[in-house]
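This is a predicted model, so every value here is computed, not measured. All ligand and atom numbering here is 1-based and tracks the order in the structure.
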Amino acid sequence: QFGSQIYCNHTVNEVRNCTDYPQLIIPCDVTAPADICTPTVISTFIHRITVNTPFFGVIFYHAHWAFLGVTLLGFIYAMIKSPSDRLYDDLDDEMDEEEEGFLMANSPKLQEFLSWAQERGVISDIQVQDIPDKGLGFVTKRNVTRDNSIVAYIPYSILLNATKISRYAKDKAPKLEETFNALMAEGKHLSERDIFILFLLYERLAPGGETSSLWKAYIDILPRTLHTPLFYDPTLRACLDGTSLKPAVDAKYNKLKKEYESLRSLFNKWSKVEDAGGHDVVTFEHFRWADGVFWSRVLSFGSRFQTIDSIEGDLDDFHLVPFLDFANHSLTPYARWEIGTEGVELILTKSDSLEPITSDTEICISYGDKPNSELLFVHGFTLSDNPWSAISFPVPFYDDDELAKAKLLFMQYHGIKHLVSLARKKGGAELSHDSTRAMWICVLAEEDGIKFKLNHNDPSHPIDLFIGNQIIPTLDVFDNVINSMELLPVIEFRVMESVLENVEYLLSHLKQTNEQVLKMMEHGRNSRELEYVRIYREDEYKFLEFAVEDFTRKRDALMTDEVVQRFMLNDQ
Ligand SMILES: C[S@@+](CC[C@H](N)C(=O)[O-])C[C@H]1O[C@@H](n2cnc3c(N)ncnc32)[C@H](O)[C@@H]1O
C-alpha cells in the first residue's frame with residue numbers, strides 16, 4: 001500500500017528526529033502519520049471502492065484468492081500432466097537431448113534399445129558409453145589384445161536396406177507404401193537414399209507408424225539434433241564464407257528445400273494436419289534430420305559384396321546397421337567392420353604390439369580416408385591432425401566454349417562428375433581419375449580434332465564423341481586415345497593451367513574472407529562447431545597453398561616440353 005516509503009517514528013520537542021535513533025526509521029504502514037506516508041494510487045482506489053461499496057470490496061477480496069488458487073492449480077496440473085500429443089513427445093525428446101544433440105548412455109531409451117538388440121541376436125563384448133564431444137561410442141569392458149577377435153556381432157535380420165524397407169512397407173506400413181507408390185506413379189525413380197529417409201520420417205512421425213514397429217527402439221536412439229553445416233545458424237554459416245564448402249552447403253540446403261516442398265503434400269497424408277496441431281506432419285527440420293541421419297550412419301556394402309551371398313538375395317549398397325552405428329571415427333582405429341556369413345562383425349584389428357588395450361578405451365573404426373571438408377559436411381566434426389586434404393570445384397568450361405553443352409551431355413551420359421576433385425597424394429596434389437577425364441574434356445577443342453554428334457532420336461544414347469575419325473564408345477577407349485595422342489603434353493599443359501587458375505582463385509577468395517571471418521569468430525560464442533570450422537579453414541588454406549605450388553611446378557615443367565613449345569610458337 002505504501003511501497004518503499006519510510007518515516008522517522010521518534011519526536012524530540014514535537015519535531016521528528018531520528019539522528020540518534022536510526023533504528024526508529026521504519027517502513028510506512030496504516031498507523032503512520034498520513035501527512036508523511038502517502039498510500040499508492042491503486043491502494044487508495046481499492047480502499048475507496050471497499051469503503052463506498054462494501055459489496056464490491058468483498059467480491060474483490062474473494063476474487064483475489066480465487067485467482068491465486070486457479071493459478072496454483074494450473075501450475076500443478078502442468079507439472080504432473082504428461083504431454084499426449086506425439087508432436088510434443090518429440091519436442092520433449094528434443095529438449096532432453098538438446099544440450100548435446102545425442103542420447104546419454106544412461107537414458108532409458110538406450111537401455112531399451114540394448115535389450116531390443118540383444119533379444120534379436122546382437123552379441124557384444126564392448127560397452128556403449130558417452131564419449132566427450134562425440135555422443136555415444138564403444139569402449140572396452142576390460143583389457144583386450146588386438147588379435148582379429150570379434151567384439152560385436154549384428155545379425156542380418158536387424159539390418160536395414162531399401163529392399164527390406166520396401167518389403168516392410170508392403171507388409172506392415174500401408175501408408176508408407178502408398179507414399180512410395182504415389183511417387184513412382186509420378187514417374188519418380190526412388191533411390192535407396194529416398195527410401196531410407198521416407199522410412200525414417202515415417203517411423204518417427206507418422207501416427208501409429210512407430211508404436212508397433214519392429215524398429216521403434218532403433219529409431220528412438222537416433223540423435224535428434226545434428227551439427228553439420230546444414231544445421232548452422234546464419235552467423236556460423238557465414239564463418240564458412242570463402243571456403244569451397246560454402247557453395248556445396250548452400251546448394252544442398254536449396255536442393256533439400258525443393259525436395260521437401262515436392263513431398264510435403266504426401267507427408268500430410270500420413271495424418272491430418274489438424275491432428276498434428278495445425279503443423280505439417282513432417283517439417284523441413286525433420287526432413288533435414290532424416291537426410292543427415294542417413295548420410296552420417298549408413299554403411300556402403302557395395303565394394304564388399306563378393307564376400308556375401310547369404311544376405312537374403314538383395315544387393316543393395318546402403319545399409320543401416322543398428323548397434324554397429326555407435327562406432328565413431330578415428331585416424332588410428334582399433335577396429336574394422338566386416339561382412340560375415342550371417343551378420344556384420346566388429347573386429348579388433350590385429351597388431352604386432354603385445355600391449356593389450358586397457359579397459360575403458362574407446363574402440364573406433366575408420367570411416368575412410370576422409371578430408372576435413374567431407375567430415376564436416378557429412379558428420380559435423382573435423383580432426384586437427386587429419387592428413388587427408390581435398391578440394392573440389394565445378395568443371396571450369398571457358399565462357400566462349402561452343403562445345404560446352406555437348407561436353408556436359410557427354411559427361412552426363414558416361415557418368416563423369418561435373419566436379420573437379422584434387423587430393424593430397426604421394427607428396428603432391430593429384431586429380432582423381434574421374435576429374436582428369438573431366439578436365440581433358442574441358443580443355444579439348446575442335447582444333448584438336450574432336451567432334452560431337454547428337455543422336456536426337458535416341459534418348460538412351462544421346463551423344464557420340466569422335467577424336468580424329470575414331471568413335472569413342474567407352475571411357476577406357478577415351479583414356480587410351482588421349483594417352484596416345486601426340487598432343488598429350490599440350491592437353492596436360494592446358495589442364496595444369498586451368499586447374500592452377502582455379503586453385504589460385506579459391507586461395508585468393510579464402511584469403512579475402514579470412515580476416516573478416518576470423519574477426520567474426522573472435523567475437524562469436526566459443527563453440528565446438530566454431531572450432532571445427534576454424535580447423536577446416538586452416539586446413540583448406542594450407543592445402544590450397546600447397547596445390548598452387550605443386551601445379552605451378554608441374555605447369556612450368558611442361559612448359560619446357562618440346563611439343564608444348566612448338567605448339568605455343570605455332571599459336572602465336
Ligand atoms: C555412426 S555415428 C556414431 C555414433 C554417434 N556418436 C552417436 O552418438 O550415435 C556417426 C556420428 O558420430 C559422431 N562422431 C563420430 N566420430 C567422431 C569423432 N571422431 N569426433 C566427433 N564426432 C564424431 C558424428 O556426429 C558422426 O556423424
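- Side-chain contact between Arg237 and Tyr253 is present, with heavy atoms from C-beta onward closer than 4.5 Å.
- The shortest distance between side-chain heavy atoms of Asn148 and Leu348 does not fall below 4.5 Å.
- Ligand 1 has at least one atom lying under 4.0 Å from a heavy atom of Ala327.
- Ligand-side atoms of ligand 1 in range of Arg297: 2 (S), 7 (C), 9 (O), range being under 4.0 angstrom from any heavy atom.
- Remark: Arg288 qualifies as a cation-pi partner of Phe231 under the 6.0 Å distance and 45° angle criteria applied to the six-membered ring.
- Taking every non-hydrogen atom of Asp133 and a distance limit under 4.0 Å, the qualifying atoms of ligand 1 come out as 21 (C), 22 (N).
- Listed by atom number, the atoms of ligand 1 under 4.0 Å from Leu136 heavy atoms are 4 (C), 5 (C), 6 (N), 7 (C), 8 (O).
- For the residues His379, Arg528, Met104, the heavy atom positioned nearest atom 24 (C) of ligand 1 is part of His379.
- Taking distance alone, with nitrogen or oxygen atoms compared against 3.5 Å, His329 approaches ligand 1 more closely than that limit.
- Taking every non-hydrogen atom of Gly135 and a distance limit under 4.0 Å, the qualifying atoms of ligand 1 come out as 8 (O).
- Close approach of ligand 1 to Tyr367 (heavy-atom distance below 4.0 Å) involves ligand atoms 1 (C), 2 (S), 3 (C), 10 (C), 15 (C), 16 (N).
- A cation-pi arrangement, defined by a distance under 6.0 Å to the six-membered ring centre and an angle within 45 degrees of its axis, is present between Lys257 and Phe284.
- The aromatic rings of Phe113 and Phe326 sit perpendicular to each other, their planes meeting at more than 60°, with 30° as the lower class boundary.
- Between Val144 and Thr358 there is no side-chain heavy-atom pair separated by less than 4.5 Å.
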